[in-house]
Protein chains: 2
Amino acid sequence: MAETKANTIDTQIDGSCLAAKARLVSRAVSSIYDEELRPLGIKVSQLNILVLTYHLGIARPAVVCEMLHLDTSTVSRNVERMRAKGWLEVVPEAGRAQPFRLTRAGEDVIKKAEPAWKAAQERAQQLLGDDLVQALSKPLGELCAGGSQR
Amino acid sequence: MAETKANTIDTQIDGSCLAAKARLVSRAVSSIYDEELRPLGIKVSQLNILVLTYHLGIARPAVVCEMLHLDTSTVSRNVERMRAKGWLEVVPEAGRAQPFRLTRAGEDVIKKAEPAWKAAQERAQQLLGDDLVQALSKPLGELCAGGSQR
DNA sequence: GACCTAAATATGTATATACAATTTGCATAT
DNA sequence: ATATGCAAATTGTATATACATATTTAGGTC
C-alpha cells in the first residue's frame, strides 16, 4: 500500500524521464570538472568553448552554436565574458560576422587546465560507469552536427 | 615545426570530454521537453520537482537536493517560484525545516503535462538512440542517492 | 541606386544553477 | 542560562541558458 497520504492523482511521469536523467548526469559531471578546475578560475562550460575555438582556429558564433547546441545569445554572452578575461579576441572582418579566436592567454588557460581536466575525466568515468561512458563516447548521431569532423 | 599557423599549443582535451557530452545531451534533451511543454507554461526542470514532490508526499528541501544533486539554494528558489504559481505549498512544521507538498493546482499541472511529456520522451529516445537510453535507464549508481530508496 | 528580405549578432528579460555568506532554530556542554 | 556549535534554509552574487525582440548587413529585385 502506497502512501499514508492522499495521492489523488496517478502519473506515469517517473524516474524513467530522460530529461531528468540527462540533467542529473550533467549536473553531477559538471560539478566534478568545476571542482577540479576551480583553482584555475575557469569552469568546464567556458573551457569547452575555448577548446572548440582552439580546434576551429577561427570560430564563427553560428558554427559554435550549431556544434554545441547552444543558443546564439548564449554564445554571444559567453564569448563576451571570456573576451573580458582576455582569453578570446574578435577577429576584425567585414560585415556582420564577429568571428573570434584564442589569445595567447586563452592558450595558456587550456594548457594549464589539462591536469585538472584529466583528473576530472577519470572521476567522471568512475561515477558514470562503463555503459554510460561507452554510450556517450560514440558519435552522438544527430547531436554531433560537427562532433566527428575534427 | 608543425603548424604554419599559430597553434602554439597542443591539448588532449577534445571531443572525448564527458562534461561536454553530458552537457550537450542535457541541453538537447531539455529543449525537446521544454518545447513540448511550452503550451502548458512549465519547463521540465520544474516538472521534475513537481513529480518528485508527488512521489515524496511531503518533500524536505534537503532530501530533494540530495536526490536531484541540486544545491540547496537552487531548490530554495525553484520552490519559491512554484509556490508563487500556486503549485506547491509549505507545510507548517516546527524548527528550521520548510517541507512542502503539491497543491491541487500542482497535481493538475502534472496531470495535464502527461501527453506532452510522453511525446517528448519518445522524441528523446529517437534522438539519443538505444545505447544511451539503455545506459541512462539503469540505476545511475552513486548518482541516485535516493533513486531507489523511497 | 532604392528597397526588401534573409542571415548573423546583440539586447532585454526570465529561469536554472552554484558558491559564499548569513540567518535561524536546536542541542549540548559547562 | 549562556555560550558553542551544528544543521537547515535563505540571500547575495555571478554564470549559463533560452526565448523574444531589435539591429545590422549582405544580396537580390525592380
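Labels below follow one simple rule: chain letters A, B, ... track the order of the sequence lines, proteins then strands, and each chain is numbered from 1. No experiment lies behind these values; they were computed from the predicted model shown. The figures that follow rest on heavy atoms only: side chains count, while hydrogens, waters and symmetry mates do not.
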Novice: Among residues at least two apart in sequence or on other chains, which ones pass salt bridge (charged side-chain N to carboxylate O under 4.0 Å, His left out) with R38(B)?
Specialist: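 Scan of R38(B) (salt bridge (charged side-chain N to carboxylate O under 4.0 Å, His left out), adjacent residues dropped) gives none.
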Novice: Roughly how far apart are I13(A) CD1 and S16(A) OG, rounded to 0.5 Å?
Specialist: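 The distance works out to 9.0 Å.
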Novice: Tell me which of Q98(B) and R23(B) sits closer to the 5' end of DNA chain D, going by the nucleotide each one is nearest to.
Specialist: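 This one resolves to Q98(B).
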Novice: Relative to the 5' end of DNA chain C, which residue comes earlier, R77(B) or V75(A), by the nucleotide with the nearest heavy atom?
Specialist: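 So the residue in question is V75(A).
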Novice: Rounded to the nearest 0.5 Å, what's the gap from SG on C17(B) to CG on L47(A)? Could you check?
Specialist: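 Between C17(B) SG and L47(A) CG, I get 7.0 Å after rounding to 0.5 Å.
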Novice: Looking at K118(A) and E36(A), is there a salt bridge between them, counting it only when a charged N and a carboxylate O are closer than 4.0 Å?
Specialist: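 Between K118(A) and E36(A) there is no salt bridge, as every charged N stays at least 4.0 Å from the carboxylate O atoms.
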Novice: Side-chain heavy atoms under 4.5 angstrom apart, residues restricted to Ile, Leu, Val, Met, Phe, Trp, Tyr: same cluster for V90(A) and V75(A)?
Specialist: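 Shared cluster, no.
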Novice: Work out which heavy atom in R83(B) is nearest to a heavy atom in L88(B); give both atom names and the distance.
Specialist: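 That closest heavy-atom pairing would be CG-O, 3.4 Å.
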Novice: Can you tell me if T53(A) uses its side chain to pair, donor with acceptor, with the backbone of A59(A) under 3.5 Å?
Specialist: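 Side chain of T53(A) to backbone of A59(A), a donor-acceptor pair under 3.5 Å: no, none is there.
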Novice: With R101(A), which residues qualify under salt bridge (charged side-chain N to carboxylate O under 4.0 Å, His left out), at least two apart?
Specialist: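 For R101(A) the salt bridge (charged side-chain N to carboxylate O under 4.0 Å, His left out) partners, ignoring immediate neighbours, are E89(A).
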Novice: Between the main-chain N or O of M82(A) and the side-chain N or O of Q46(A), is there a donor-acceptor pair closer than 3.5 Å?
Specialist: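 No, the answer is negative, given that no donor and acceptor are paired below the 3.5 Å cut-off.
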Novice: In whole Å, what is the span from the CG atom of D34(B) to the P atom of dA20(D)?
Specialist: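 Rounding to the nearest Å, CG of D34(B) and P of dA20(D) are 12 Å apart.
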Novice: Looking at residues 81-88 of chain B, who's got a heavy atom less than 4.0 Å off DNA chain C?
Specialist: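 Nucleic-acid contacts, sorted: R81(B).
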Novice: OP1 or OP2 of dT10(D) less than 4.0 angstrom from a side-chain nitrogen or oxygen of S76(B), does that happen here?
Specialist: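 For dT10(D), OP1/OP2 do have a side-chain N/O of S76(B) under 4.0 Å.
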Novice: Between the axis at one end of the helix from dG1(C)-dC30(D) to dT30(C)-dA1(D) and the axis at the other (five pairs apiece), what's the angle to 10 degrees?
Specialist: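 Between the axes fitted at each end of the helix from dG1(C)-dC30(D) to dT30(C)-dA1(D) lies an angle of 10°.
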Novice: Does the distance from a Lys or Arg side-chain N to an Asp or Glu carboxylate O, for R104(B) and E107(B), drop under 4.0 Å?
Specialist: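 Yes, this pair counts.
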Novice: Please state how far atom CG in L70(B) lies from atom C1' in dT10(D), giving the value in whole angstrom units.
Specialist: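 Those two atoms, CG and C1', are 16 Å apart.
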Novice: Mind checking which nucleotides bracket the chain A contacts on DNA chain C, 5' to 3', with an atom under 4.0 Å from a heavy atom?
Specialist: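 First-to-last contact on DNA chain C, by the 4.0 Å heavy-atom rule, is dA8(C) to dC19(C).
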Novice: Which of these, V29(A), I32(A), L37(A), sits in a side-chain contact (heavy atoms from CB on, under 4.5 Å) with V44(A)?
Specialist: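 Result: among V29(A), I32(A), L37(A), L37(A) is the only option passing the side-chain contact (heavy atoms from CB on, under 4.5 Å) with V44(A).
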Novice: Where the side chain of S26(B) meets the backbone of S26(A), is there a donor-acceptor pair that is under 3.5 Å apart?
Specialist: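 Such a contact is absent between S26(B) side chain and S26(A) backbone.
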Novice: Give the residues of residues 38-50 of chain A touching DNA chain C, defined as any heavy atom closer than 4.0 Å, sorted by residue number.
Specialist: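 Under 4.0 Å from DNA chain C: R38(A).
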Novice: Reading DNA chain C from 5' onward, which residue's closest nucleotide shows up sooner: S31(A) or T72(A)?
Specialist: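 Closer to the 5' end of DNA chain C: T72(A).
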Novice: Please check this pair: side chain of Q98(A) against backbone of P61(A), looking for a donor-acceptor N/O pair closer than 3.5 Å.
Specialist: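 No, the answer is negative, given that no donor and acceptor are paired below the 3.5 Å cut-off.
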